[in-house]
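Step one of this worksheet: look at the structure below.
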Amino acid sequence: MSQLDKKDPISLYPAPPYPTQDQSLPGLASAMDPKPDHGEQSYVGSGRLKGFRGIVTGADSGIGRAAAIALSREGADLVLNYLPDEQPDAEEVRDLLEGEGRRAILVPGDISSEQFCHDLVERAVAELGGLDTLVMVAAHQEVHQDILEMTTESIDETFKTNVYSLFWLSQAVIPHLEPGSSIVTTGSIQGNTPSPDKLDYATSKGAIGTFTAGLAQQLAKKGIRVNSIAPGPIWTPLQPASSDPETVSHFGEDSPYGRPGQPAELGAAYVHLVSPESSYTSGTTITIAGATPNY
Ligand code: NAD
Ligand code: MG
């Protein structure tokens, strides 16, 4: 079936309950049951990003992998960032994209380090000869029932990964971006409707929406667009790596579709935001949450 065939979104993917499963952070897509769909079989490109060069963070798995596959199939050459523990997932993505004739350069490393953020951008510029887009998908999520249990170390890890890295990567990349380039962030419906057990994560996701709206105005005169995707519940390693097995087994069950989204259901939105056809789209957030409200 191609992406252009009409299909019922409700019955398109398996619904919970899923087998109970547990992983530790950051988790691997290859260890999930059922396996997430990142668009490997379904995303069909049409040359919308021919000649584009980009960085995708969190590109080894989940939504970042789906974004990388979609951007690549539209013609973009990419640097893929992830954590060193995720090397097997990242190699799967690289092998797929290179097998299709695109460049996919693996640069593992921790974006909660300011120095690494700068190194990542410099490496990408050196490898690709310049940059046209920065697509930031990576995030850290932990579950804590009680604010009194939270340590400064864990709050730091969440904010440095989810928020500071946006500043550091943008600072490094902007001098390389020409008019017509774009930056894409990844928020969450948690930013507007926080779960009480994800206090630091949800607060960081609220900040990402604010960052996107503010930076878009700052960069408008440079002709650089800044936008965000706010996903609802999506079937990725973030869930078994940060939640208990029982919660994972029922993940997405309460959403209007009765199932979580699959990463493949987000790839086209990243393409839309990066594509030059979206020239008047800046400062916006696209919610992809299967009819779950985001307000
Ligand atoms: P995922 O685990 O597949 O992706 C998250 C990625 O973040 C990891 O693969 C890892 O490579 C990267 N990462 C984490 N810490 C890092 C660090 N310090 N340095 C470098 N990379 C790091 O999970 P996902 O669900 O695809 O998450 C992608 C994005 O989607 C995140 O921003 C997440 O907040 C957002 N999101 C996910 C959901 C969901 O239900 N899955 C819902 C809303 C928003
Ligand atoms: Mg991963």
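Start at 1 and go down the list; that is how both ligands and their atoms are numbered.
At a 4.0 Å heavy-atom cut-off, ligand 1 does not touch T57 at all. Here F116 has no heavy atoms under 4.0 Å from ligand 1, in either its backbone or its side chain. By the criterion of a heavy-atom distance under 4.0 Å, neither the backbone nor the side chain of E157 is placed next to ligand 1. Looking at Q190 against ligand 1, nothing comes within 4.0 Å, counting heavy atoms. When non-hydrogen atoms are compared, ligand 1 lies under 4.0 Å from the side chain of Y201 (C-beta onward) but not from its backbone. Only the side chain of E86 comes within 4.0 Å of ligand 1, judged by heavy-atom distances.
For the Mg ion (ligand 2), the nearest N, O or S atom contributed by D60 is named OD2. Looking only at N/O/S atoms, E86 comes nearest to the Mg ion (ligand 2) through OE2.
No hydrogens or angles considered: nothing links the side chains of E265 and Y13 as a donor-acceptor pair under 3.5 Å. In this structure, a donor-acceptor pair under 3.5 Å is present between the side chains of S182 and T133. No hydrogens or angles considered: a donor-acceptor pair under 3.5 Å links the side chains of Q141 and S242.
If you check which protein heavy atom lies closest to atom 27 (O) of ligand 1, you get L238 CD2, 3.9 Å. Looking from atom 13 (N) of ligand 1 to the surrounding protein, the closest heavy atom is A138 CB, 3.7 Å. Ranking the protein heavy atoms by distance from atom 14 (C) of ligand 1 puts A139 O, 3.2 Å first. Shortest contact from atom 20 (C) of ligand 1 to any protein heavy atom: G109 O, 3.3 Å. Shortest contact from atom 39 (C) of ligand 1 to any protein heavy atom: Q239 NE2, 3.2 Å. Closest protein heavy atom to atom 29 (C) of ligand 1: V137 O, 3.0 Å. The protein heavy-atom contact nearest to atom 3 (O) of ligand 1 is S61 OG, 2.6 Å. For atom 24 (P) of ligand 1, the nearest non-hydrogen atom of the protein is T236 OG1, 3.3 Å.
Residue G64 has no nitrogen or oxygen atom sitting less than 3.5 Å from a nitrogen or oxygen atom of ligand 1, judged on distance alone. Residue I189 has no nitrogen or oxygen atom sitting less than 3.5 Å from a nitrogen or oxygen atom of ligand 1, judged on distance alone. Checked by distance only, ligand 1 and H140 stay at 3.5 Å or farther apart across all their nitrogen or oxygen atoms. An N or O contact shorter than 3.5 Å links I111 to ligand 1 by distance.
In this structure, Q190 contributes its side chain and S195 its backbone to a donor-acceptor pair below 3.5 Å. For the pair Y201 (side chain) and D197 (backbone), a donor-acceptor distance under 3.5 Å is absent. No donor-acceptor pair closer than 3.5 Å links the side chain of D60 to the backbone N or O of E86. Proximity of a side-chain donor or acceptor of E74 to a complementary backbone N or O of S46 within less than 3.5 Å is detected. The main-chain N or O of V271 is never found under 3.5 Å from a side-chain atom of S275 such that the two would form a donor-acceptor pair. Between the side chain of S188 and the main chain of K205, no donor-acceptor pair closer than 3.5 Å is present.
Heavy-atom distances between F251 and ligand 1 reach below 4.0 Å in at least one pair. Remark: distances from the non-hydrogen atoms of P233 to ligand 1 include one below 4.0 Å. At least one heavy atom of L83 sits less than 4.0 Å from an atom of ligand 1.
When G232, P84, G252 are ranked by how near their heavy atoms come to atom 38 (C) of ligand 1, first place goes to G232. Nearest residue to atom 37 (C) of ligand 1 from I63, I234, T161, T185 is I63 (criterion: closest heavy atom). The heavy atom nearest to atom 44 (C) of ligand 1, considering only G191, P260, A59, G187, is found in G187.
Residue contact annotation: Y82 places no N/O/S atom under 2.8 Å from the Mg ion (ligand 2).
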